[in-house]
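Note sheet for the following structure.
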Number of protein chains: 2
Amino acid sequence: MSSHSPEGPDGVDPADLDAARAALSRFMAQRGLKSTRQRDRIVDTFLSQEGYLNVEELLERVRRQDARISSATVYRTMKLLAECGLASARRFDDGQTRYEPQVGRHHHDHLICTACTRIIEFEDEEIEALQEQAAARHQFRVTHHKLELYGLCADCQQRGRT
Amino acid sequence: MSSHSPEGPDGVDPADLDAARAALSRFMAQRGLKSTRQRDRIVDTFLSQEGYLNVEELLERVRRQDARISSATVYRTMKLLAECGLASARRFDDGQTRYEPQVGRHHHDHLICTACTRIIEFEDEEIEALQEQAAARHQFRVTHHKLELYGLCADCQQRGRT
DNA sequence: GTAAGTGCAAACGTTTTGCAATGAA
DNA sequence: TTCATTGCAAAACGTTTGCACTTAC
């Protein structure tokens, strides 16, 4: 279950990680894409971490290992990962795109602390079911959805932040 | 109920509109802000319309009445309206901010058709209640939220679009 | 050898801002 | 008279792209 506890320290299930890398290899082979030093560094850094990262943060981490990787390459690689389903891209309320590894994960929704920007994930089957019902009332067929709850996390409430 | 049917032709309840303008006056007086020709045009144009508008669209409509209004002024005015609660700002999946008048309206969520970009609004008390419960499980205090269901509207399903 | 990938810098689209001129109170 | 507001153009922001060079296959 390690890959399902987004708030813990890094600890992605190695089996999930291998599966992800294999899936990526297949995807790249199929499209005639090449594996490169930069790509591998970015993918590894990204996948072995949990929760959302923006490109700036990811670039910073990647550059600790290889100072000469450019942000253009990170952007390009993240697009690739998003396309093949290994990363999910999100824009919360600030203007940036954030990516989250999608390795052996269920769909989940988000609690976003407006004081410390922490993002907590949760799942709720019952809400999902009601969403389908609400959509059906409008003859709407849902393909995907986003539920974001903004407010204060426990810590920030305790510290009296706003 | 006219102000609750976002898909109909323009038809905002005049009483709601007056209330909104009064609220804005109060807000501006309190902050020492001045009323100007440009501000009034933008506010009137914006408030007497329903559904989401991006700045470009709003600017276009405003310029039909006064060709010399700049986009900077529209941006500035919309920030103001968002601050005082008369407009709600949203970023859906493209990069732009859209504003929706908030005059005598309840909170509501969105069904977004990915084929024709139509936005249908809905409300669901039961979902709201479950959201609170889910948040409470994480000791999280919700201030506001977003629920967006993406997929195909009835029309686009019928036309076999994707 | 060939095509894909890289880094750089320039371009992009949206939004914000500095500034001198204008206008509301 | 004073200070907020305006329009303009320039800057800022996150992201994308054209290009010459490098690298994987």
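First the proteins, then the strands, lettered A, B, ... as listed; each starts at 1.
- For A:Glu57, the side-chain hydrogen bond (donor to acceptor under 3.5 Å, both in side chains) criterion is met by no residue, not counting sequence neighbours.
- Other residues, nucleotides and ligands contribute only 12 or fewer heavy atoms inside 6.0 Å of the CD atom of B:Glu126.
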Letter per nucleotide, 5' to 3', of nucleotides 18-25 of chain C [B base touched, S only sugar-phosphate touched, - untouched; heavy atoms, 4.0 Å]: B----BBS
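- Counting to the nearest Å, the P atom of D:dT16 and the OH atom of A:Tyr75 are 7 Å from each other.
- Scanning for salt bridge (Lys or Arg N to Asp or Glu O under 4.0 Å) contacts around B:Glu60 gives B:Arg64, with sequence neighbours left out.
- When rounded to the nearest whole Å, the span between CZ of B:Arg98 and C1' of C:dG13 equals 14 Å.
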Evaluation steps, side chain to side chain donor-acceptor pair (under 3.5 Å), between A:His108 and A:Glu100: CA-CA 12 Å; A:His108 53 266; A:Glu100 183 193 47; 3.1 Å; yes
B:His107 vs B:His145, side chain to side chain donor-acceptor pair (under 3.5 Å): CA-CA, chis, key distance, verdict: CA-CA 9 Å; B:His107 167 80; B:His145 73 263; 2.8 Å; yes
Tabulate below the donor-acceptor pairs under 3.5 Å that side-chain atoms of residues 150-158 of chain A make, not counting sequence neighbours, or state none.
from, atom 1, to, atom 2, distance (Å)
A:Tyr150, OH, A:Glu148, OE1, 2.6
A:Gln157, OE1, B:Arg141, NH2, 3.4
A:Gln157, NE2, A:Leu152, O, 2.9
A:Gln157, NE2, B:Gln139, O, 2.9

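- In this structure a side-chain-to-backbone donor-acceptor pair under 3.5 Å is missing from A:Gln96 to A:Arg98.
- B:Thr73 has a side-chain polar atom (N or O) that falls below the 4.0 Å cut-off from OP1 or OP2 of D:dG7.
- Across residues 21-32 of chain A, not one residue has a non-hydrogen atom less than 4.0 Å from an atom of DNA chain D.
- Between the CZ atom of A:Arg68 and the C1' atom of D:dT22 there is a distance of 12 Å, given to the nearest Å.
- Under 4.0 angstrom from either OP1 or OP2 of C:dG7 there lies at least one side-chain N or O belonging to A:Gln38.
- As rounded to whole Å, 13 Å separates atom P of C:dT16 from atom CD of B:Gln96.
- Among the nucleotides D:dT15, C:dG7, C:dT15, the one closest to the side chain of A:Val55 is D:dT15.
- Checked against the 6.0 Å centroid criterion, the rings of A:Tyr52 and A:Phe92 qualify as a close aromatic pair.
- Counting to the nearest Å, the C1' atom of C:dT14 and the CD atom of B:Glu57 are 14 Å from each other.
- Atom P of nucleotide D:dT16 and atom CD of A:Glu83 are separated by 12 Å, given to the nearest angstrom.
- For A:Asp66 and D:dT23, the CG to P distance is 12 Å, given to the nearest whole Å.
- Nucleic acid contact class of B:Ser71 (heavy atoms, under 4.0 Å, all strands): none.
- The salt bridge (Lys or Arg N to Asp or Glu O under 4.0 Å) check on A:Arg137 picks up B:Asp124, with sequence neighbours excluded.
- One can place CZ of B:Arg91 at 11 Å from P of C:dT14, the figure rounded to the nearest angstrom.
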